[in-house]
Amino acid sequence: MALMLYNTAAKRKEAFVPLERGNVGLYVCGVTVYDLCHIGHARSAIVFDVLVRYLRAIGNHVTYVRNFTDVDDKIIARAREEGKSPDDLAQFYIDAFYKDMDQLNILRADKEPRATEHIEGMIDMILTLIKGGHAYRAEDDVYFSVESFPGYGSLSGRRLEDMKAGSRIAVGENKRHPMDFALWKAAKEGEPYWDSPWGKGRPGWHMECSVMSSHFLGSTFDIHGGGEDLLFPHHENERAQAIAANGGDFARYWIHNGFVTVDSEKMSKSLGNFLTIRDALTLYHPQVLRLFLLSQHYRSPLDFTRGAVEGHQAGLVRIYRALERMESVIGPWIDNKDQGADGKGGAIALPDEFRAAMDDDLNTARAVAFLFETLKEINRLISPDSADSSGDLSELVRRRKELMRSASVLGLLNDSPAEFFSGIKQGEEGIEREEIERLIADRSAARAGKNWKKADEIRDTLKSMGVVLEDGPKGTTWRIDV
RNA sequence: GGCGGCAUAGCCAAGUGGCUAAGGCAGCGGUCUGCAAAACCGUUAUUCACCGGUUCGAGUCCGGUUGCCGCCUCCA
């Protein structure tokens, strides 16, 4: 079994072989911190979170680098609007990023550099590019010369001639070629700046990723990821300038996740369908969102609709109910040292079917299907009329281990059933425990007297309060309807 | 205009030329239950947008048609 990944650069699935056996370097483009993260950021973060967890689960040591873009035109504009300093604004949204991503059970990267921490490195790279004839100064700006780099366009499958021909890009007065892009931008009045050989200014957008990825992972490293929209121009430019400056191959595998649409529309502020993670979390439990976002292949576009998400909520509730029942049969699930995908050590044992799905370009949809197949087995084993239920529990223990280990690689089922159900219940504050218990006691008395009419009335009353009853051999239990 | 992607059941969705087209949600029938709920069992696509072609064999490959979407400008 070997992990196959779709490499955008090759336009096909390739066997993933790291540069150094057992050691993987991964760089993912993070966010520009000028606003709250939306559901599309969540998808990207989750996809690469799962990639990291899986790479570790199969025994790799992973160095995961994810940046924050904290200097940028949008940040400057937004800070000005809010009367804050760009630094304060950036810090505010970095904090918000962590808050949202933590809820979605997204692991921290090993290195989380900010663009502003690497300005010197960027200046050095620009100097190298100028020296090598790949960049030129135009007044106080510096541009990269795309014509100086023979492979320009190969990553995104574009040809310079085509782009020039159909170009909607205005030819900057100072640019030699319309596709040339800024490496260094002179600061205008009132903008943040750093001193440089070209005067006060700030780096162009693509610089940071070239510099920071090379800084932490070397001039040739294993995987570079990001949203598909970053392929061009960002990744194309990032790669061109990095290779032009440092040599090497830059990233060997390029992975791009597909977009999220909301009700079939691309998210945009003008359409008013810009769904932040925060808003989504008021509607759905984070685990539900996570399951939904992993329920289709990462490269496919994903349409966020209420109906689709709620379908997955129903499925997740079913899994957690089974986990709850298992707790009463074989005790709570305890994390063993050898389980979980956060380990730094060797591979963990994963079911073959799960591995086969994940090895196939992280087919999380198939991996999720495996979870549900395992769930069915588990339910069968603990079903009251199951032939197996009386005797051997080792099969159940084994199945649960398979389920939980697989789920942990997906970052799912990390809550206990109790946590999950208390998290997913809505309107619980309006419900009085004592009142419910009293009604149930009344109903039990009625049932004992075979007064079914009264018993059913009480059940209906509770139902209208959002409480569902389950009569079992050990009495009546209740839960909040979800 | 250039480049790319997608069309599989009521809905979401997997499917890497070849046994009976995964899985989830919803629905229906059954078991269990006083009745329910939950769980289990069964059931729900002779067919994969449409038309051709290649092949012994195609949802899977090729060409065309239609429809939807993305990138080419900041974007996960």
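To find a chain, count down the sequence lines: A is the first, B the second, and so on, and within it residues start at 1.
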**Q** Write down the partner of B:G70 under the Watson-Crick or G-U wobble criteria, each distance required to be under 3.5 Å.
**A** B:C3
**Q** Determine which nucleotide pairs with B:A22, using a 3.5 Å limit on both distances of a Watson-Crick or G-U wobble pair.
**A** none
**Q** Does the structure show A:W452 stacking with B:G34, if we require the centres to be closer than 5.5 Å and the planes to be within less than 30 degrees of parallel?
**A** yes
**Q** Between A:H235 and A:H256, does the ring centroid distance fall short of 6.0 Å?
**A** yes
**Q** A:E228 near the nucleic acid: base, sugar-phosphate alone, or nothing, with a heavy-atom cut-off under 4.0 Å?
**A** sugar-phosphate
**Q** Can you list the residues that meet the ring-ring contact (aromatic ring centres under 6.0 Å, His included) rule with A:F232, with sequence neighbours excluded?
**A** none
**Q** In whole angstrom, give the distance that lies between atom CD of A:Q296 and atom P of B:U8.
**A** 12 Å
**Q** Among the nucleotides B:A76, B:C71, B:U16, which one has an atom lying closest to any side-chain atom of A:R366?
**A** B:U16
**Q** In whole Å, what separates the P atom of B:G17 from that of B:C12?
**A** 27 Å
**Q** Here's a test of your reading of the structure: between A:F370 and A:K11, which maps to the more 5' nucleotide of RNA chain B?
**A** A:K11
**Q** Atom CG of A:D303 and atom P of B:C11: how far apart are they, to the nearest Å?
**A** 13 Å
**Q** What residues from residues 254-262 of chain A pass a heavy-atom cutoff of under 4.0 Å to RNA chain B?
**A** A:N257, A:G258, A:F259, A:V260
**Q** Please tabulate, for the side chains in residues 322-331 of chain A, all donor-acceptor contacts under 3.5 angstrom to protein atoms that are two or more places apart in sequence or on a different chain.
**A**
residue, atom, partner, partner atom, Å
A:R325, NH1, A:N379, OD1, 2.9
A:S328, OG, A:R325, O, 2.7

**Q** Mind checking the C1' distance from B:G15 to B:U20? Whole angstroms is fine.
**A** 15 Å
**Q** Please tell me whether A:T69 and A:E208 have a donor and an acceptor in their side chains that are separated by less than 3.5 angstrom.
**A** yes
**Q** What does B:C35 pair with, Watson-Crick or G-U, if both distances are under 3.5 Å?
**A** none
**Q** Is the positively charged end of A:K111 above the ring of A:Y64, judged by distance under 6.0 angstrom from the centroid and angle within 45° of the axis?
**A** no
**Q** Has the side chain of A:D471 got a donor or acceptor atom sitting under 3.5 Å from an opposite partner on the base of B:C35?
**A** yes
**Q** Side chain of A:F232, heavy atoms from C-beta onward: which of B:C71, B:G23, B:A14 has the nearest atom to it?
**A** B:C71
**Q** Go nucleotide by nucleotide along RNA chain B from the 5' end; which of A:G40 and A:G472 gets its closest nucleotide reached first?
**A** A:G472
**Q** If you check every side-chain atom of A:R318, which of B:C25, B:G23, B:A76 has the closest atom?
**A** B:C25
**Q** Only pairs with both distances under 3.5 Å count, Watson-Crick or wobble alike; so what is the partner of B:G42 in this structure?
**A** B:C28
**Q** Can you tabulate the close N/O pairs, meaning under 3.5 Å, that link protein atoms to atoms of nucleotides 58-63 of chain B?
**A**
none

**Q** Please give the distance between the C1' atoms of B:A21 and B:G57 as a whole number of Å.
**A** 16 Å
**Q** Choose from B:C71, B:A76, B:G24 the nucleotide whose nearest atom is closest to any side-chain atom of A:F372.
**A** B:G24
**Q** Expressed in whole Å, how much space separates the P atoms belonging to B:C25 and B:G5?
**A** 33 Å
**Q** Under 4.0 angstrom, heavy atoms only, what part of the nucleic acid is A:L230 near: base, sugar-phosphate, or nothing?
**A** sugar-phosphate
**Q** Tell me which nucleotide among B:A39, B:C35, B:A76 gets nearest to the side chain of A:R325.
**A** B:A39
**Q** Is the ring centre of A:F304 less than 6.0 Å from the ring centre of A:F292?
**A** yes
**Q** Taking the same atom, P, in B:U46 and in B:U8, what whole-Å distance lies between them?
**A** 14 Å
**Q** Between A:S300 and B:C69, is there a contact of a side-chain N or O with OP1 or OP2 at under 4.0 Å?
**A** no
**Q** Classify the nucleic acid contact of A:H234 as base, sugar-phosphate or nothing, counting any heavy atom under 4.0 Å across all strands shown.
**A** nothing
**Q** With a 3.5 Å cut-off and just heavy-atom distances, do the side chain of A:D229 and the base of B:G70 make a donor-acceptor pair?
**A** no
**Q** What's the gap between B:A13 and B:A37 when it is taken at their P atoms, as a whole Å value?
**A** 29 Å
**Q** Specify whether A:F250 and A:F221 have parallel, tilted or perpendicular ring planes, treating 30° as the upper limit for parallel and 60° as the lower limit for perpendicular.
**A** perpendicular
**Q** With a 3.5 Å cut-off and heavy atoms only, can you find an N or O donor on one side and an acceptor on the other between the side chain of A:R459 and the base of B:A36?
**A** yes
**Q** Which nucleotide sits closest to the side chain of A:A314: B:G15, B:C74, B:A26?
**A** B:A26
**Q** Ring of A:Y298, cation from A:R43 - is the NZ or CZ under 6.0 Å from the centre and inside 45° of the axis?
**A** no
**Q** Is B:A76 paired to anything, Watson-Crick or G-U wobble with both distances less than 3.5 Å, and if yes, which nucleotide?
**A** none
**Q** Can you tell me the base-pairing partner of B:C50? Count Watson-Crick or G-U wobble geometry only, both distances below 3.5 Å, and say none if there is no partner.
**A** B:G64
**Q** Can you tell me which nucleotide in B:C12, B:C35, B:U73 comes closest to the side chain of A:A308?
**A** B:C12
**Q** Look at the side chain of A:R159 and the base of B:C3, then say whether one donor and one acceptor between them are separated by less than 3.5 Å.
**A** no
**Q** Run the ring-centre check on A:H206 versus A:F181 and record whether the distance is less than 6.0 Å.
**A** yes
**Q** For A:R443, answer base if it contacts any base atom (sugar-phosphate contacts may also be present), sugar-phosphate if it contacts only those atoms, and nothing otherwise; contact means non-hydrogen atoms under 4.0 Å.
**A** base
**Q** Of all residues at least two apart in sequence or in a different chain, which pass the ring-ring contact (aromatic ring centres under 6.0 Å, His included) check with A:Y34?
**A** none
**Q** Does A:Y98 have its ring centroid less than 6.0 Å away from the ring centroid of A:F68?
**A** yes
**Q** Indicate whether any N or O donor in one side chain lies under 3.5 Å from an N or O acceptor in the other, for A:S210 and A:Q241.
**A** yes
**Q** Rounded to the nearest angstrom, tell me the gap between atom CZ in A:F181 and atom C1' in B:C74.
**A** 16 Å
**Q** Which nucleotide, B:C41, B:G24, B:G34, lies nearest any side-chain atom of A:R380?
**A** B:C41
**Q** Can you identify which nucleotide, out of B:C35, B:A76, B:G15, has its nearest atom closest to the A:D360 side chain?
**A** B:G15
**Q** Which residues pass the ring-ring contact (aromatic ring centres under 6.0 Å, His included) test with A:Y93, sequence neighbours left out?
**A** none
**Q** Measuring only the C1' atom in each nucleotide, how far is B:A58 from B:G18? A whole number of Å is fine.
**A** 10 Å
**Q** So which nucleotide from B:A76, B:G15, B:A39 ends up closest to the side chain of A:N379?
**A** B:A39
**Q** Which whole number of Å gives the distance between the P atom of B:U73 and that of B:U55?
**A** 44 Å
**Q** Determine whether A:Y6 and A:H297 make a side-chain contact, defined as any pair of heavy atoms from C-beta on separated by less than 4.5 Å.
**A** no
**Q** NA contact type, A:E373, heavy-atom cut-off 4.0 Å: base, sugar-phosphate, or nothing?
**A** sugar-phosphate
**Q** May I have the distance from A:H312 (atom NE2) to B:G24 (atom P), rounded to whole angstrom?
**A** 11 Å
**Q** B:A76 C1' sits how many Å from A:N67 CG, rounded?
**A** 12 Å
